[in-house]
Amino acid sequence: MSIFSKLFGKKSETKGVGDVEDFMLLTRVYFQSVIAMNLGITNINFVPDVANFKRTFKVPTQGGKLGVAEKSRARKMLMQDYGLTENFFAEIDASVKKNCKNQQQVQSYMFLFQGFSNDLMMLMGNLMQWKFRIPGRFKKTLYALTEKTVHDVVTKTVWKKDDVHKTATDVRKYKERLGYSEKWMTEYVYHIVLLAKKEPKNKQPEE
């Protein structure tokens, strides 16, 4: 059963624990929890994913400070369910601290991160293509290929296709602005790809 199926009305029969949707939601909860902690946000409506997370898992506010318990709980779930490393969270913490010094900067930051995530995944899908069809059991191979492609995106400045060249340039700009490393990008992309591979393909025709 999807951990957020209750929130979004998804049928538990068609989704399993640990899918891409859950991963992205938990990641957003972590981001918003860090922001709430750093800026001392008390209005829970400012961090809607944290609000849903608190209600669903009945997470009590720790020490009267929004974000502390939620950050810890989301981090624990991401590490246990998805195998993320300490470095993954350390880079998010550093990026948010650097770019979100007041509430006015938060919306701009999340907009930038969304653009970064979308362009990165679109670019990786374009560049890796057949490599994504490697069976999920070959995790080391898939990780190595993802790592190599991310390195190309970060270091290669000339691409044959104009659209690839433009998107790669945009991704590098996002990377520098947000402060994420190649290692972080590789881990982020790798887990999304791995989770997508596990999702069931509904090939049954409608009656």
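Everything quoted here is computed from the prediction, not taken from an experiment.
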Original post:
Going through the checks in order, is the side chain to side chain contact (heavy atoms under 4.5 Å, CB included) test met by E182 and V153?
Top reply: CA-CA 9 Å; E182 284 185 45; V153 169; over 6 Å; no

**OP:** Mind running side chain to side chain contact (heavy atoms under 4.5 Å, CB included) on K71 and F89 for me, showing each step along the way?
**Re:** CA-CA 10 Å; K71 173 187 174 184; F89 303 102; over 6 Å; no

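Taking a cutoff of 4.0 Å between a charged side-chain nitrogen and a carboxylate oxygen, E86 and R75 qualify as a salt bridge.
Residue R177 qualifies as open at atom CZ: its count of foreign heavy atoms under 6.0 Å is 12 or below. Heavy atoms of other residues, nucleotides or ligands lying less than 6.0 angstrom from CD of Q103 number more than 12. When the shell of 6.0 Å around CG of D162 is examined, it contains 12 or fewer heavy atoms from other residues, nucleotides or ligands.
In terms of heavy atoms, A69 sits closest to P60 at CB-O, 3.3 Å. Closest heavy-atom contact between V59 and K54: O-NZ, 2.8 Å. The two residues V171 and M185 have their closest heavy-atom pair at CG1-CE, 3.9 Å.
Within the 3.5 Å criterion, the main-chain N or O of S181 finds a donor-acceptor partner in the side chain of E91. Remark: the backbone N or O of L178 is paired with a side-chain donor or acceptor of S95 at under 3.5 angstrom. For K101 (side chain) and K98 (main-chain N/O), a donor-acceptor pair under 3.5 Å exists by modelled atom type. H191 contributes a side-chain N or O that, together with a main-chain N or O of Y82, makes up a donor-acceptor pair within less than 3.5 Å. W159 contributes no side-chain N or O that, together with a main-chain N or O of V164, makes up a donor-acceptor pair within less than 3.5 Å. Using a distance-only test at 3.5 Å, with no hydrogens or angles considered, no donor-acceptor pair links the side chain of R172 to the main chain of T155. Although no hydrogens or angles enter the test, the distance criterion places a donor-acceptor pair under 3.5 Å between the side chain of Q129 and the main chain of N126.
Considering only heavy atoms from C-beta on, L145 stays 4.5 Å or farther from F138 through its side chain. Looking only at side-chain heavy atoms (C-beta outward), N52 and R55 come within less than 4.5 Å of each other. Contact annotation: the side chain of F46 approaches that of V106 to within less than 4.5 Å [non-hydrogen atoms, C-beta and beyond]. F23 has its side chain out of reach of D19: every pair of non-hydrogen atoms, C-beta onward, lies at least 4.5 Å apart. R28 is not listed as a side-chain neighbour of F113, based on a closest heavy-atom distance of 4.5 Å or more. Within the 4.5 Å cutoff, the side chain of N99 has no heavy atoms near those of the Q105 side chain. At a threshold of 4.5 Å between non-hydrogen side-chain atoms, the residues E70 and V47 do not count as touching.
Interatomic distance, CZ of F88 versus CE of M79, reported as 11.0 Å (0.5 Å rounding). In this structure, the separation between OH on Y174 and CG on L112 is 6.5 Å, given to the nearest 0.5 Å. Interatomic distance, M122 CE to L127 CG, rounded to the nearest 0.5 Å: 10.5 Å. From M128, atom CE reaches atom OG1 of T149 across 4.5 Å, with rounding to the nearest 0.5 Å. With values rounded to the nearest 0.5 angstrom, T146 atom OG1 is found 14.0 Å from Y188 atom OH. The OH atom of Y109 sits 9.0 Å away from the CZ atom of F116 when rounded to the nearest 0.5 Å.
Taken together through direct or relayed side-chain contacts under 4.5 Å among Ile, Leu, Val, Met, Phe, Trp and Tyr, V68 and V96 form parts of separate hydrophobic clusters. With hydrophobic clusters built from ILVMFWY side chains whose heavy atoms lie under 4.5 angstrom apart, Y143 shares a cluster with V20.
Under the side-chain hydrogen bond (donor to acceptor under 3.5 Å, both in side chains) criterion, T85 pairs with E187, not counting sequence neighbours.
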Below 3.5 Å, can you tabulate the donor-acceptor pairs from side chains in residues 29-39 to any protein atom, sequence neighbours excluded?
{"from": "Y30", "atom 1": "OH", "to": "D93", "atom 2": "OD1", "distance (Å)": "2.8"}
{"from": "Y30", "atom 1": "OH", "to": "D93", "atom 2": "OD2", "distance (Å)": "3.3"}
{"from": "Q32", "atom 1": "OE1", "to": "D49", "atom 2": "N", "distance (Å)": "3.0"}
{"from": "Q32", "atom 1": "OE1", "to": "V50", "atom 2": "N", "distance (Å)": "3.4"}
{"from": "Q32", "atom 1": "NE2", "to": "D49", "atom 2": "OD2", "distance (Å)": "2.8"}
{"from": "S33", "atom 1": "OG", "to": "V29", "atom 2": "O", "distance (Å)": "2.8"}

